[in-house]
Amino acid sequence: MVQETKRYLSYICPNCMQSVIMERDLFSLAAAPAHLKCPCGKSELLVEFKPNRVQLTVPCLFCGREHSVSCSSHAFIREKALAFSCAASGLDCCYVGEEEPVYAATARLEQAVDKLGEDAGENGAFLDEIIMEEILSELKDIAARGGISCTCGSKKWGVKVNFSSVDLCCVECGGKLRVPAATADDIDSLCCKTSILIRGNK
């Protein structure tokens, strides 16, 4: 098996509102801090390898601030896709991973941004009330079948409903799983699942 040596990183520039997706070699990322600039020159994603962790500084379209987020080096190098979110909006602000899942996630985020623009005059509790209702209904159906559990072995979990996502939280270990609830694609993605596994902290 050939180890993947490239990572794709994406974010939406707060200045020009365009998606910025870049391919980078893992060796060059690990060698020195990487400043991944938007072509407009007014924002950049900073990636720094630390001992056992990778630190990212992400410009955020939704709250206008920069987010400092991190993950384990192993997750950064191996995961198919990682998503980092804006706590204020509940929307993702950065993706890291393999080409296909990063491009797909970025496309979904662009749809959510478009929807946000369309509904700018309406201050609802959710980005899309109907989609949130459908997502919660699907989660309820999966839960009724006993389909929600955690890698730590627990089947006890709680839920936190955000503006455009739902967080499932394991009561035993505190593990979390974010379920997007922004677009019709998010409903389609959840509908085809018979079970959901929360990634535990143990």
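Side-chain contact between Tyr95 and Pro101: absent, with no pair of heavy atoms (C-beta onward) separated by less than 4.5 Å. Counting heavy atoms from C-beta on, the side chains of Phe62 and Val113 come closer than 4.5 Å. Using a 4.5 Å cut-off on side-chain heavy atoms (C-beta onward), Cys152 and Cys170 make contact. Inter-residue side-chain proximity for Ser149 and Ile198 is flagged as unmet; no heavy-atom pair is nearer than 4.5 Å. In this structure, the side chains of Ile196 and Leu139 come closer than 4.5 Å at one or more pairs of heavy atoms. Contact check for Gln18 versus Cys40: no side-chain heavy atoms found under the 4.5 Å cut-off. The shortest side-chain heavy-atom distance between Val159 and Val166 falls under the 4.5 Å cut-off. Residues Gln55 and Leu46 have side chains not in contact (no heavy-atom distance under 4.5 Å, counting atoms from C-beta outward).
With hydrogens and angles ignored, the 3.5 Å screen pairs a side-chain donor or acceptor of Ser73 with a backbone N or O of Arg53. Side chain of Thr151 to main chain of Arg199: no donor-acceptor pair is present (N/O by atom type, distance under 3.5 Å, no hydrogens or angles). Listed for the Asp92 side chain is no donor-acceptor partner under 3.5 Å among the backbone atoms of Ala83. A distance-only check finds a donor-acceptor pair linking the side chain of Thr106 to the backbone of Val102 [under 3.5 Å].
Atom-to-atom distance recorded for Ser165:OG and Met132:CE is 6.5 Å, nearest 0.5 angstrom. In this structure, OG in Ser10 is found 7.5 Å from CG in Leu109, a value given to the nearest 0.5 Å. The CG atom of Leu9 sits 8.0 Å away from the CZ atom of Arg24 when rounded to the nearest 0.5 Å. Rounded to the nearest 0.5 Å, atoms SG (Cys94) and CG (Leu61) are 13.0 Å apart. Here the CG-CD1 distance, from Leu26 to Ile77, works out to 5.5 Å after rounding to the nearest 0.5 Å. Annotation: the span from Ser72 atom OG to Asn52 atom CG amounts to 9.0 Å, rounded to 0.5 Å.
Residues Lys37 and Glu44 come closest through the heavy atom pair NZ-OE1, 2.8 Å. Pro180 approaches Ile135 most closely through the heavy-atom pair O-CD1, 3.7 Å. Nearest approach of Cys93 to Ser85, heavy atoms of both residues: SG-C, 3.9 Å. Considering all non-hydrogen atoms of both residues, Asp128 and Ile130 come closest at OD1-N, 3.0 Å. The two residues Leu82 and Ala75 make their nearest non-hydrogen contact at CD1-O, 3.6 Å. Nearest heavy atoms, Glu98 versus Tyr8: C-CD1, 4.0 Å.
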| request: Output, in order, the C-alpha distance, side-chain angles, deciding distance and verdict of side-chain contact (heavy atoms from CB on, under 4.5 Å) for Leu56 and Val96. | output: CA-CA 10 Å; Leu56 296 96; Val96 177; 4.0 Å; yes
| request: I would like to know whether Phe49 and Phe76 meet ring-ring contact (aromatic ring centres under 6.0 Å, His included); could you show each step before the answer? | output: CA-CA 10 Å; Phe49 270 73; Phe76 186 90; 5.4 Å; yes
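Atom CD of Gln111 is surrounded by more than 12 heavy atoms from other residues, nucleotides or ligands within 6.0 Å.
Grouping the Ile, Leu, Val, Met, Phe, Trp and Tyr side chains by contacts below 4.5 angstrom, directly or via other members, places Leu168 with Val161.
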